[in-house]
Amino acid sequence: MPELPEAETIVRSLRGHLEGARITRVEFRSARVSKSDPARLAGTTVAGVNRYGKQILWELDRGWVLVKLGMTGALLWNSEPGPYTRALVELTNGHVCFDDIRQFGSLSVMATPPNTLGPDPLEITSAAFAQRLRQRDTEVKKLLLDQKFVRGIGNIYADEALFRAGIHPKARTRQISAARARGLHLAAAELLRTAIEHRGSSISDYVDAGGERGSFQSLHLVYGKEGESCRTCGSAIRRIVVGQRGTHFCPRCQKRT
DNA sequence: CTTAATGTTCCCCA
DNA sequence: TTGGGGAACATTAA
């Protein structure tokens, strides 16, 4: 559920509640949600809540908590714990439920913040993005999904960015001109910024920390639109599989070279 | 019953 | 080291 715009929306809706609050008790209700000891968190104060790609990082006065939302993870402020609540964090002023149906998400306590992922697409320049892209040789969609290449783009926004840039998802990165690679970055950055303004995409169950859905799904042009007419040329949107992920594109508007 | 789902990781092969 | 391909993880919905 969470890509960059959704993670950013969760951060913005959670930060005001957490910053300055002290954690009083943490409970892990599923063995697979965390390998850390919940007792280590009691007594720490939250200094900051930030996004790292599509992940969410809590800065504590002593250490860090990295929340990976997986496919169905949600951080909910003061919601009623339910059957899918995998972790419960109680603070002086309220509590956070980490709900996650499929349990691909996790919560880890770290001594230092992570730094293993690639640059944030909203921070890197188009020229640097194009240079990085052109020194690789693979299908462009696979590269966009590689968090070590850029952090934060997932299946929805990869398809939408490639459509907006007019690039075929299976285009070889080596064969994309520098100008088109820069255009891909510009399209992706504008897409992500607009999606943030719309508080993300809620296609199945994504909600922010207040339980609110996003609205950007109404502006999707190809994702989940197989068989529908392309808004630009009228051709039928096609669905193929790239890197084991469902991939949606317009066969006429999106070029391989 | 089968397939697919906003993700990541591990394994094997070239 | 890079890239390709596949399986696995857990759960729900169509």
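Numbered from 1 within each chain, the chains take letters A, B, ... in sequence-line order.
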Note to self: Just N and O in the side chain of A:Arg136: are any of them under 4.0 Å from OP1 or OP2 of C:dG3?
What the structure shows: yes

Checklist line | Residue whose closest nucleotide on DNA chain B lies nearer the 5' end, A:Gly246 versus A:Gln55 | finding: A:Gly246

Next item on the list: Verify the distance criterion only: is there a donor paired with an acceptor across the side chains of A:Tyr157 and A:Glu6 at less than 3.5 Å?
Entry: yes

Next item on the list: Measure the distance from CG on A:Asp146 to P on B:dT8 and round it to the nearest whole Å.
Entry: 10 Å

Next item on the list: Determine: side-chain N/O of A:Arg102 to OP1/OP2 of B:dG7, distance under 4.0 Å, yes or no.
Entry: no

Item checked: Whole-Å gap separating P (B:dT9) and NZ (A:Lys148) -> 7 Å

Checklist line | A:Glu59 (side chain) donor-acceptor with A:Gly48 (main chain) under 3.5 angstrom | finding: no

Notebook entry, point to check: Is there a Watson-Crick or G-U wobble partner for B:dT8 with both distances under 3.5 Å, and which nucleotide is it?
Noted result: C:dA8

Note to self: Between A:Phe249 and A:Tyr223, does the ring pair (Phe, Tyr, Trp, His ring centres under 6.0 Å) criterion hold? Intermediate values first, please.
What the structure shows: CA-CA 8 Å; A:Phe249 72 105; A:Tyr223 184 81; over 10 Å; no

Next item on the list: Look at all strands and tell whether A:Asp137 reaches a base, only sugar-phosphate, or nothing, counting heavy atoms closer than 4.0 Å.
Entry: sugar-phosphate

Next item on the list: Report the distance from atom NZ of A:Lys68 to atom C1' of B:dT9, rounded to the nearest whole Å.
Entry: 9 Å

Notebook entry, point to check: How many Å lie between CZ on A:Arg245 and P on C:dG6, as a whole number?
Noted result: 15 Å

Next item on the list: May I ask you to evaluate whether A:Gln147 reaches the phosphate of B:dG7, defined as a side-chain N or O under 4.0 Å from OP1 or OP2?
Entry: no

Check: Taking NZ from A:Lys141 and P from C:dG3, how many angstroms apart are they, rounded to a whole number?
Finding: 18 Å

Note to self: Using atom P in both nucleotides, what's the gap between C:dA7 and B:dT2 to the nearest angstrom?
What the structure shows: 16 Å

Item checked: Near-parallel close stack of A:Phe104 and C:dC9 base (under 5.5 Å, under 30°) -> yes

Next item on the list: Grab the CD-P distance between A:Gln244 and B:dC11 for me, whole Å please.
Entry: 16 Å

Next item on the list: Return yes if a side-chain donor-acceptor contact under 3.5 Å exists between A:Gln103 and A:Ser30, otherwise no.
Entry: yes

Checklist line | Whole-Å distance separating the CG atom of A:Leu145 from the P atom of B:dA5 | finding: 13 Å

Item checked: Residue A:Thr138, side-chain heavy atoms: nucleotide from C:dG5, C:dG3, B:dG7 that is nearest -> C:dG3

Next item on the list: Tell me whether the OP1 or OP2 atom of C:dT11 has a side-chain N or O from A:Arg32 closer than 4.0 Å.
Entry: no

Check: Taking atom types as modelled, is there a side-chain donor on A:Lys35 or A:Ser108 under 3.5 Å from an acceptor on the other?
Finding: no

Check: Given atom CG of A:Leu69 and atom P of C:dA10, what is their separation to the nearest angstrom?
Finding: 19 Å

Note to self: With a cut-off of less than 4.0 Å, is there a side-chain N or O of A:Arg172 near OP1 or OP2 of C:dG4?
What the structure shows: yes

Notebook entry, point to check: For C:dT12, does OP1 or OP2 lie under 4.0 Å from any side-chain N or O of A:Ser204?
Noted result: no

Next item on the list: For A:Ile203, report the nucleic acid contact type (base, sugar-phosphate, nothing); a contact means any heavy atom under 4.0 Å.
Entry: base

Note to self: Check this one for me: any side-chain N or O of A:Tyr84 less than 4.0 Å away from OP1 or OP2 of C:dT12?
What the structure shows: yes

Margin query: Test side chain to side chain contact (heavy atoms under 4.5 Å, CB included) on A:Thr44 and A:Arg22; report intermediate values, then the result.
Written below: CA-CA 6 Å; A:Thr44 60; A:Arg22 184 167 46 82; over 6 Å; no

